[in-house]
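I have placed the structure first, in the form of structure tokens, so that the comments after it can refer back to it.
Both counts, for ligands and for their atoms, begin at 1 and track the order of listing.
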Amino acid sequence: MTMKATDPGAFRAQTPVLCDRASDFIARNTFGRPTLVLDLDRVGVQYDALKAGLGAADVHYAVKANPDPRIIAALVAKGSHFDCASRPELELCLAQGARVDQLSFGNTIKRGSDIAYAASVGVTLFAADAPEELEKIAANAPCARVYLRVIVENSQADWPLSRKFGAAAGHIPALLRQGRALGLQMVGLSFHVGSQTRKAAFWGPVLDQIVQVWDTAQRSGYGLNLLNIGGGFPAFYGEAVDAPTHYAANVMRQVHARFGDVKVIAEPGRGMVAEAGHIVAEVLLVARKSPLDLHRWVYLDIGKFSGLAETMDEAIRYEFITAKDGMASGPCILAGPSCDSADVLYEKTPVNLPNALCAGDRVIIRNCGAYTTTYASIGFNGFPPLDVVVI
Ligand SMILES: *Cc1c(COP(=O)(O)O)cnc(C)c1O
């Protein structure tokens, strides 16, 4: 339902029809505050769909996307593995029944004592992208198997992961040499194509980069045998994306064309859980700033600091569904309820919403199962964090 800036005439709302367990539950219940309703069965369906396309690759669910223990338990039951970023995430997965050999410690920025904890419980697979990190791993987990994260230069993702993670291709040979000298098993490479990479075809140029680094290492005799292709599997936010099995199979074809029969790990986060849940929110206020204002301002009871952090830079554009969809509509600037002027969700590209929308109306924000519940501030302005109902 979002209106493109380039398409100012398109003010007729298209009503997406929501028919799934989560929206049925929402329709039958009332909620006193913004709530994510998440359908656990849907997570299982999504796991199966991704796994069908990924074939022999191990699926390491990126726990940060949604660390609800019930999701972890459901994925343990499916046989999923897990990518953890911290000691609490490792403990969470172990508490829900994951085996240590199903866990990877994939954050490249780890506390030494957390590495020691991971090693003490039997986790062996670690990520690194810098000399100091290799030293920390060697000191705290001498038996570690390590993969090096390579920086991705040309992401076409909606939510690129920037240059914060990874080492430049040119640094990889020195890191491999150092890791080996420290006695670590240097087993492979990882990368992240960027979150919400909508098309499998966008992976090609990134894989081309990584295979060059890989081949250089193999020519130097490192015998790498593990390729961690990270996440990036997309969710539907209104713009077309490939279906998960088709998408994953396409990615794997591109991987095998370049890397042959290598062992692959994939780390879907968003693609696993986003479509399993919707947020129920409420309109608190609709206003125009002046009589000439073309846009209405629509203030919701949820904002950037209470679960919708991914609206930062308007990178992720959620779909909004109201009972008045289909009636005459127009462009709105959407904002959250907090007293922070940065709490504006969509302004550069306004959102098309019904003209009749008013305070008290329910708004369903579609496919919000990923990167919402734990992206909420604790009581800023007195607003509680996003509530969660798992069905
Ligand atoms: C966040 C993250 C993921 C998950 O990314 P999605 O785009 O949500 O699939 C996978 N791997 C690593 C290392 C991550 O940090």
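When His192, Arg149, Lys64, Glu267 are checked for heavy-atom proximity to atom 15 (O) of ligand 1, Lys64 turns out nearest.
Looking at ligand 1, you won't find any N or O of Gly106 less than 3.5 Å from one of its N or O atoms. For a threshold of 3.5 Å applied to N or O pairs, the pair formed by Gly271 and ligand 1 contains no separation below that value.
The closest approach between Gly232 and ligand 1 falls below 4.0 Å for a heavy atom of the residue.
The aromatic rings of Tyr61 and Phe82 sit perpendicular, their planes meeting at an angle over 60°, well past the 30° parallel limit. Using cut-offs of 30° and 60° on the angle between ring planes, the pair Trp203 and Tyr247 is perpendicular. Using a 30° and 60° split on the angle between ring planes, Phe31 and Phe25 fall in the tilted class, from 30° to 60°. Between Tyr371 and Tyr375, the ring-plane angle classifies as tilted under the 30° and 60° cut-offs.
Here Arg270 pairs with Glu310 in a salt bridge; the nearest charged N to carboxylate O distance falls below 4.0 Å.
Considering CG of Leu176 and CG of Leu224, their distance stands at 6.0 Å, rounded to 0.5 Å.
Close contacts between ligand 1 and Ala62 involve ligand atoms 3 (C), 4 (C), 10 (C) [criterion: under 4.0 Å to a heavy atom]. In the vicinity of Gly269, heavy-atom distances shorter than 4.0 Å reach the ligand 1 atoms 4 (C), 6 (P), 8 (O), 9 (O). Within the listing of ligand 1, atoms 6 (P), 8 (O), 9 (O) sit less than 4.0 angstrom from a heavy atom of Arg270. Every atom of ligand 1 with a heavy atom of Tyr371 under 4.0 Å away is listed here by number and element: 1 (C), 4 (C), 5 (O), 6 (P), 8 (O). Taking every heavy atom of Pro268 and a limit of under 4.0 angstrom, the matching atoms of ligand 1 come to 9 (O). Of all atoms in ligand 1, listed by their number and element, those nearer than 4.0 Å to a heavy atom of Ser195 are 6 (P), 7 (O), 8 (O).
Of the residues Asp58, Val146, Val187, the one that meets the side chain to side chain contact (heavy atoms under 4.5 Å, CB included) test with Leu226 is Val187.
The proximity of Phe165 to ligand 1, defined as any non-hydrogen pair under 4.0 Å, does not occur for either the backbone or the side chain.
Donor-acceptor pairing under 3.5 Å is recorded for the side chains of Glu267 and Asn228.
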